[in-house]
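Each ligand, and each atom within it, is numbered from 1 in the order the structure gives. These numbers come from a predicted model, not from an experiment. Any value given below was found using the heavy atoms of this structure, including those in side chains, with hydrogens, waters and symmetry copies removed.
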Amino acid sequence: MNTQLPYYHQIGKEVEVFEHAYKNKIPFLLKGPTGTGKSRFVEFMASKLNKKLITISCHEETSSTDLVGRYIIKGAETIWSDGPLTTAIKQGAIIYLDEIAEARPDVIVAIHSLTDHRRELFIDKLGITVKAHEDFMLVASFNPGYQKGFKELKPSTRQRFIATSFAYPEEKIEAEILVNETGIDSSMAKKLVNIATKIRNLTELGLAETVSTRLLVDAAKLIHSGLPKRLSVEVAVVEPLTDDLEVIEALKDLCNLMI
Ligand code: ADP
């Protein structure tokens, strides 16, 4: 394997699927909770395919202007500046719209003509249509949280993508990821994964999001750099999950027993 590639542990058939999606330039939607390796997977694939990757983290203020471009004032002149989507289309890059459902609705409208056979972008402020470079590919991620506060994606938008679900990897693989990412020893990695499994099963806590692989990686990094184990788990795993003092105490007790 090319040592230059970012580290990514394949979970299912996602690498193969992405390669074929890329060959056919079919937009790709990655579904799953935060910290399950979606961004890492896209970085890995872009690198493997030797393509430039442009990532946009969407939030509720992200508008089509942010992606397509705008006029800016430079000295006495007003000049047009391409946004990241327009740049990706012209250069043949892979664009990754992380958390696409968070963006304003006009973003979804703007990408429609890019997600079907037209593969073109209409830039209304310039009154022109730009054809996508043949290497251009659109990738987006979406967190289908069943909890309140997560935005939905309309079926008419979803059906413009092929989709793969990301979840927490099985225990053995997750421990391997921790070892590879942080250099922690495998018995410690297993303990961290056991803690995560336990907390993930405590659905009665009503956590908006549970322990992600990202949190475990952070805990492992702290432990590896010499912070005491219990403190590492408290600050990297327990505290980010909730602000409820009783739940924090209960989770701390549970983790202390397991580490
Ligand atoms: P997401 O984009 O789903 O929120 P990330 O891709 O940022 O999640 O993953 C968070 C971290 O978890 C990564 O930085 C990496 O350390 C680790 N990780 C999760 N899944 C994997 C995997 N399959 N292979 C390698 N690292 C992973």
Problem - Phe41 and Phe18 aromatic ring geometry - parallel, tilted or perpendicular at 30°/60° bounds - result: perpendicular
Exercise for the section: Find all atoms of ligand 1 within a distance of less than 4.0 Å from any non-hydrogen atom belonging to Tyr7, and give their numbers and elements. Expected result: 25 (C)
Practice task
Just say parallel, tilted or perpendicular for the rings of Trp80 and Tyr71, cut-offs at 30° and 60°.
Solution key: perpendicular
Fill in the blank from the handout: re atom 7 (O) of ligand 1, the protein heavy-atom contact at minimum distance is Arg214 NH2, 3.0 Å
Exercise for the section: Considering only non-hydrogen protein atoms, determine which one is nearest to atom 20 (N) of ligand 1 and report residue, atom name and distance to 0.1 Å. Expected result: Gly37 CA, 3.4 Å
Handout entry: Residue, atom name and distance, where the atom is the protein heavy atom closest to atom 16 (O) of ligand 1
Key = Glu181 OE1, 2.5 Å
Problem - Which of the ligand 1 atoms, numbered from 1, are nearer than 4.0 Å to a heavy atom of Tyr8 - result: 22 (C), 23 (N), 24 (N), 25 (C)
Problem - Passing option when Asp135 is tested against Lys51, Lys52, Lys23 for salt bridge (Lys or Arg N to Asp or Glu O under 4.0 Å) - result: Lys51
Practice task
Measure the distance from atom 2 (O) of ligand 1 to every protein heavy atom, then report the residue, atom name and distance (to 0.1 Å) of the closest one.
Solution key: Ser39 OG, 2.6 Å
Practice task
Calculate, to the nearest 0.5 Å, the distance between atoms NZ and CG belonging to Lys190 and Leu178 respectively.
Solution key: 12.0 Å
Practice task
Run down the list Ser141, Gly32, Gly35 and name the one with the heavy atom closest to atom 4 (O) of ligand 1.
Solution key: Gly35
Handout entry: The one among Arg40, Glu14, Gln10 that brings a heavy atom closest to atom 13 (C) of ligand 1
Key = Arg40
Practice task
Give yes or no for whether the N/O distance cutoff of 3.5 Å, strictly under, is met between Thr213 and ligand 1.
Solution key: no
Handout entry: Heavy-atom nearest option to atom 27 (C) of ligand 1, drawn from Thr55, Asp98, Ile177, Thr34
Key = Ile177
Handout entry: Polar side-chain atom of Thr78 near backbone of Ile72 as donor-acceptor pair, under 3.5 Å
Key = no
Exercise for the section: Say whether Glu174 and Thr213, considering side chains only, have a donor N or O and an acceptor N or O under 3.5 Å apart. Expected result: yes
Handout entry: Counterpart residues, salt bridge (Lys or Arg N to Asp or Glu O under 4.0 Å), relative to Arg230 (two or more places apart)
Key = none
Exercise for the section: Report yes if Tyr96 has an N/O atom closer than 3.5 Å to an N/O atom of ligand 1; otherwise report no. Expected result: no
Exercise for the section: Measure the distance from atom 23 (N) of ligand 1 to every protein heavy atom, then report the residue, atom name and distance (to 0.1 Å) of the closest one. Expected result: His9 O, 2.9 Å
Problem - Side-chain H-bond candidate by donor/acceptor type, Glu209 with Thr34, under 3.5 Å - result: no
